[in-house]
Amino acid sequence: MKFWSRYFIPTLKESPSDAEIASHKLLIRAGLVRKLGGGVYTFLPLGLRVMQKISRICREEMERAGAIELSMPHIHPAEFWADGPRWGPVREIMFRADSAGDGRRAPREPEFVLGPTHEEVITPLIKSEITSYRDLPKNFFQIGTKFRNEIRPRYGLMRAREFVMMDAYSFDADDEGAVRSYMAMKAAYESFFRRIGTNAICVEADTGVMGGSFSHEFMVPAEVGDNDLFYNEESGYAANREKARSSLVPEGHADAAPAGAPEEFPTPGVVTIAALEAQPHGVPADRQFKTLIFIGDGMPFAVILRGSDELEEAKLGSLGFTLTRPATAEEIEPVMGARPGSLGAVRGTIRNPAGLAGVFADHAVRLVGNGTTGANRDGFHLRNVNVTRDLEITRFGDFRRIQAGEPDPLGGRPLKVRRGIEVGHIFKLGTKYSERLDAGYTDDKKERHLFVMGSYGIGLSRTLQAVIEESHDKDGIVWPWAIAPFQVLVCLLDPQDTEATVIAGRLAAAAGRAGADVLVDDRAERPGVKFKDADLIGIPLRITVGGRGIKEGVVEMKWRNAPETLKIPLDESEARVEAAVREKA
RNA sequence: CGGGGUGUAGCUUAGCCUGGUAGAGCGCCUGGUUUGGGACCAGGAGGUCGCAGGUUCGAAUCCUGUCGCCCCGACCA
């Protein structure tokens, strides 16, 4: 039990000017956190209590799923990262942790870095500690601080430079085992998010810089989220934008009947889809082929889309290049024979086909019959172009950015879209890390195999804020019971009144006996101030003890998420409070 | 890192364009009146106007630089 007057809950009437979104304002106004610098926050007592509750539930669910807790260092010798597979892409977000030197010079290369995640630390550890199939599978997790020098920290804890994360790493003997570990984590995540009272949705996700074979994200729906998720409740399909597919091309689709042979026609100055759409040419965008050239690991390749579609660049990851970027006009011309705006993939028109690593077409281009594309000759296009007959396609794939309303890939129902906050991510890594670090075990036939790994993360501090974003009203936070910093607030309106103080003490004790964390507002403030603060900090159950009620022989019970105030006769009050708490807990 | 914005008391801010003694609200302290949804009255403390140069008789205000913070983009839990 805590007394407000002796505790520390610095609430604010006004939001600081640097807070933009509701949850960020409330974090600060309700006295949960204070900013130290950009993306760096102190957890005040109330915020810490919520973090601890979230962490505890997370720990319980991870342990229940068979994961084992450990704790790895926050500073890592830099060579652990230099030896790893992703030093390049990750180093720009890593903090270096060197000796400060003489203040003028710092070592050119970092000696230590602050851990942004721990694959590079745990894999060598397990490599040296686990050598036999008898010790597999294993799944290790930890809950602690991560450091990432985000290019742009934002929205309070939502994207911070220092944040609290649960990260877990599974090691299995084979792929089948790795899938089992992955599924166990997926179930643990679902249970965790449900228990803390958030409505996180699991979606198919892109693996990004982590690499690996497949992945899911857990998203809390919110307007301020920075990711679009496409879904259909009936089919159960859900994926984030980078991964979302739709089934635009019907099963058994055949090319349209050719209207004739491809025919070159002059299009001086026409270098955009829109220009070709306009008169005098009048070719609708969805009858055009869009030909984009990228460089993948140093080699140019082409991507073909419908003129009306946009490329989803993340989907190029499926091509297997480790690094892709758009090609420059200077790189394109020698290979294609023309500059951007006049490009195409019609057989025989590419100047140096051997110079291309491939021509990859989005499935949707198959819908284009007798289309128009660049002639690989500046100022000319080709009409009557048909996919199978005319285009030089290495293979089809999913490359386009999808739109809400398109048919979902499972049942063809319209996809809906909404914004979401990514709070958790699970990856099936496969052998990417174990291969690079040569981490493996010996099986019962004395043969050596690589560990098949998975890695799993939940942004716990981000989750805290996502819950606020999801659960607040105009007056303040509405905490779910399980993670509320206190579950019961006994609001003692007049702490000078001895009788009321005694009653408040008894009710607080009763709530505590029933298992609630209790806060007693014993401040010498006016009732209005106390009520406003109570709503702001969002304690689920408020018990008001005041002179007016006592005169009537009642105390009042009010749930934060319900409008009505219940009057409870004094002689029943302790039992009623206990019962209310037990029902929740 | 590119683009935009902003920096004045613990918080929210006015003043800046058009240079001339730095103002308000909230919060805080004292006294009084109040006391069931952010009370009222009176008094008070608190600011080298982010920092460094420059222009000027004189700079919060104009100029240059620099730093912090916020927003938009790529990235992420």
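Because only heavy atoms are used, hydrogens play no part in the values below, and waters and symmetry mates are left out as well, while side chains stay in. Within every chain, numbering begins at 1; the chains are lettered A, B, ... in the order of the sequence lines, protein sequences first and strands thereafter.
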Q: Please work out if A:S15 contacts a base, only the sugar-phosphate, or nothing of the nucleic acid, heavy-atom cut-off 4.0 Å.
A: sugar-phosphate

Q: Begin from the C-alpha positions of A:W4 and A:I537 and carry the test side-chain contact (heavy atoms from CB on, under 4.5 Å) through to its verdict.
A: CA-CA 12 Å; A:W4 195 315; A:I537 68 171; 3.7 Å; yes

Q: Expressed as a whole number of Å, how far does the P atom of B:G58 sit from that of B:A39?
A: 49 Å

Q: Could you measure between the two P atoms, the one in B:C70 and the one in B:C29, and give it in whole Å?
A: 30 Å

Q: Between B:G37 atom C1' and A:K532 atom NZ, what is the distance in whole Å?
A: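 That distance rounds to 6 Å.
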
Q: Contact class for A:I458 vs. all strands (heavy atom < 4.0 Å): base, sugar-phosphate, or nothing?
A: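 Nothing: the residue A:I458, judged by heavy atoms under 4.0 Å, touches no strand.
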
Q: CD1 of A:I93 to CZ of A:R148: how many Å apart, nearest 0.5 Å?
A: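 Nearest 0.5 Å value for the CD1-CZ distance: 5.5 Å.
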
Q: N/O contacts under 3.5 Å, protein versus nucleotides 2-6 of chain B?
A:
none

Q: Determine yes or no for a side-chain-to-main-chain donor-acceptor pair under 3.5 angstrom, with A:R159 supplying the side chain and A:G39 the backbone.
A: no

Q: Quick check for you: among B:G37, B:G38, B:C76, whose closest atom lies nearest to any side-chain atom of A:K558?
A: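 Shortest atom-to-atom distance from the side chain points to B:G37.
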
Q: Which heavy atom of A:K146 sits nearest to which heavy atom of A:P116, and what is that distance?
A: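 Closest approach of A:K146 to A:P116: CD-O, 3.4 Å.
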
Q: List the atom pairs, with distances to 0.1 Å, where a side-chain N or O of residues 216-224 of chain A and a protein N or O form a donor-acceptor pair under 3.5 Å, not counting sequence neighbours.
A:
residue, atom, partner, partner atom, Å
A:H216, ND1, A:Y182, OH, 2.6
A:E217, OE1, A:N240, ND2, 2.9
A:E217, OE2, A:N240, ND2, 3.2

Q: State the dot-bracket string of RNA chain B. Criteria: Watson-Crick or G-U wobble, both atom distances under 3.5 angstrom; notation: ( ) intrastrand, [ ] crossing earlier pairs, | interstrand, . unpaired.
A: (((((((..((((......[..)))).((((((.....)))))).....(((((..]....))))))))))))....

Q: In whole Å, what separates the C1' atom of B:G47 from that of B:C41?
A: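 Result for the C1' pair: 27 Å, nearest Å.
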
Q: Check RNA chain B against residues 29-60 of chain A and give the residues with a non-hydrogen atom under 4.0 Å, in numerical order.
A: A:R29, A:K35, A:G37, A:G38

Q: Quickly work out the A:M166 CE to B:C76 C1' distance and round it to whole Å.
A: 16 Å

Q: Run the salt bridge (Lys or Arg N to Asp or Glu O under 4.0 Å) test against A:R194 and tell me which residues pass, sequence neighbours left out.
A: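 Expected list: none.
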
Q: Ignoring the backbone of A:E20, work out which of B:A77, B:C71, B:U13 is nearest its side chain.
A: B:C71

Q: Give a yes or no on this: more than 12 heavy atoms of other residues, nucleotides or ligands lie within 6.0 Å of atom CD of A:E63.
A: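 Yes, CD of A:E63 has more than 12 neighbouring heavy atoms, counting only those of other groups under 6.0 Å.
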
Q: Only counting residues at least two apart or in another chain, list the ones meeting ring-ring contact (aromatic ring centres under 6.0 Å, His included) with A:H425.
A: A:F427

Q: Return the set of residues passing salt bridge (Lys or Arg N to Asp or Glu O under 4.0 Å) with A:D309 (not counting sequence neighbours), or none when no residue passes.
A: A:R306, A:R400

Q: Please list, chain by chain and in numerical order, all residues satisfying salt bridge (Lys or Arg N to Asp or Glu O under 4.0 Å) with A:K243, sequence neighbours excluded.
A: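 For A:K243, no residue satisfies salt bridge (Lys or Arg N to Asp or Glu O under 4.0 Å) once neighbours in sequence are set aside.
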
Q: Could you give the distance separating B:A45 and B:U30 at their P atoms, to the nearest angstrom?
A: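 After rounding to an integer number of Å, I get 15 Å for this pair.
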
Q: Rounded to whole angstroms, how far apart are CD1 on A:I93 and C1' on B:A77?
A: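 Spelled out: CD1 on A:I93 to C1' on B:A77 is 10 Å.
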
Q: Taking the six-membered ring for Trp, are the ring centroids of A:F321 and A:F294 within less than 6.0 Å of each other?
A: no

Q: Taking the same atom, P, in B:C51 and in B:G10, what whole-Å distance lies between them?
A: 13 Å

Q: If you measure from the C1' atom in B:G19 to the same atom in B:A59, how many Å do you get, rounded?
A: 6 Å

Q: If I pick the C1' atom on B:A14 and the same atom on B:G7, what distance separates them, to the nearest angstrom?
A: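 That atom pair is separated by 15 Å.
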
Q: What is the distance, to the nearest angstrom, from the CD atom on A:E312 to the P atom on B:C75?
A: 9 Å

Q: RNA chain B: A:Y155 or A:K530, which has the more 5' nearest nucleotide?
A: A:K530

Q: Quick check: does any side chain N or O of A:K2 sit under 3.5 Å from a backbone N or O of A:R6, one acting as donor and the other as acceptor?
A: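 No, the answer is negative, given that no donor and acceptor are paired below the 3.5 Å cut-off.
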
Q: May I ask you to say what A:A19 touches in the nucleic acid, namely base, sugar-phosphate or nothing, with a heavy-atom cut-off under 4.0 Å?
A: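 The answer is nothing, as A:A19 stays clear of every strand by at least 4.0 Å.
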
Q: Verify, without hydrogens or angle tests, whether A:R29 (side chain) and A:S15 (backbone) share a donor-acceptor contact under 3.5 angstrom.
A: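 Between the backbone of A:S15 and the side chain of A:R29 there is no qualifying donor-acceptor contact (under 3.5 Å).
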
Q: Check step by step if side-chain hydrogen bond (donor to acceptor under 3.5 Å, both in side chains) holds for A:E331 and A:T328.
A: CA-CA 5 Å; A:E331 289 166 324; A:T328 63; 3.2 Å; yes

Q: Across the strands shown, which category fits A:D226 at heavy-atom distances under 4.0 angstrom: base, sugar-phosphate, nothing?
A: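 Base contact.
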
Q: Heavy atoms only: give me the nearest A:G457-A:M165 pair and the separation to one decimal.
A: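 Scanning both residues, the minimum pair turns out to be CA-CE, 3.8 Å.
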
Q: Looking at A:Q465 and A:L157, would you say the former's side chain and the latter's main chain have a donor-acceptor pair under 3.5 Å?
A: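 Pair found, side chain donor or acceptor close to backbone of A:L157.
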
Q: Determine the Euclidean distance between corresponding P atoms of B:A60 and B:A9; express it in Å to zero decimal places.
A: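 Comparing P positions in B:A9 and B:A60 gives a spacing of 14 Å.
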
Q: Mind checking if A:D494 touches a base, just sugar-phosphate, or nothing, with heavy atoms under 4.0 Å?
A: nothing

Q: Round to a whole Å and report the spacing from NZ of A:K25 to P of B:U12.
A: 12 Å

Q: Whole-Å distance between B:A77 P and A:L114 CG?
A: 17 Å

Q: Measure the distance from CG on A:N240 to P on B:C75 and round it to the nearest whole Å.
A: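 After rounding, the gap between these two atoms is 11 Å.
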
Q: Is a donor-acceptor contact shorter than 3.5 angstrom present between the side chain of A:R154 and the base of B:C76?
A: no

Q: If you look at every heavy atom in A:S318 and A:K315, which pair is closest and at what distance?
A: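 Closest heavy-atom pair between A:S318 and A:K315: OG-O, 2.9 Å.
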
Q: Which of the following nucleotides, B:G37, B:A39, B:U13, is nearest to the side chain of A:V529?
A: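 Looking only at heavy atoms from C-beta outward on A:V529, the closest nucleotide is B:A39.
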
Q: According to salt bridge (Lys or Arg N to Asp or Glu O under 4.0 Å), who are the partners of A:E574, at least two apart in sequence or on a separate chain?
A: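 A:E574: salt bridge (Lys or Arg N to Asp or Glu O under 4.0 Å) contacts with A:R513.
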
Q: Base, sugar-phosphate or nothing for A:E150? Non-hydrogen atoms, less than 4.0 Å.
A: base

Q: Scan nucleotides 27-36 of chain B nucleotide by nucleotide, 5' to 3', and note B when protein non-hydrogen atoms come under 4.0 Å of the base, S if they reach only the sugar-phosphate, - if neither.
A: S------BSB

Q: Show me the pairs that pass ring-ring contact (aromatic ring centres under 6.0 Å, His included) and involve residues 5-56 of chain A, at least two apart or across chains.
A: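 As it turns out, the ring-ring contact (aromatic ring centres under 6.0 Å, His included) pairs with a partner in residues 5-56 of chain A, which skip direct neighbours, are A:Y7-A:F486.
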
Q: Can you tell which of B:C11, B:C71, B:G37 lies closest to the side chain of A:D535?
A: B:G37

Q: Round to the nearest Å and state the distance from A:E119 atom CD to B:C76 atom P.
A: 13 Å

Q: Residues from residues 61-72 of chain A sitting under 4.0 Å of RNA chain B, heavy atoms only?
A: none

Q: Would you indicate which nucleotide in B:C71, B:U12, B:C76 comes nearest to any side-chain atom of A:R148?
A: B:C76

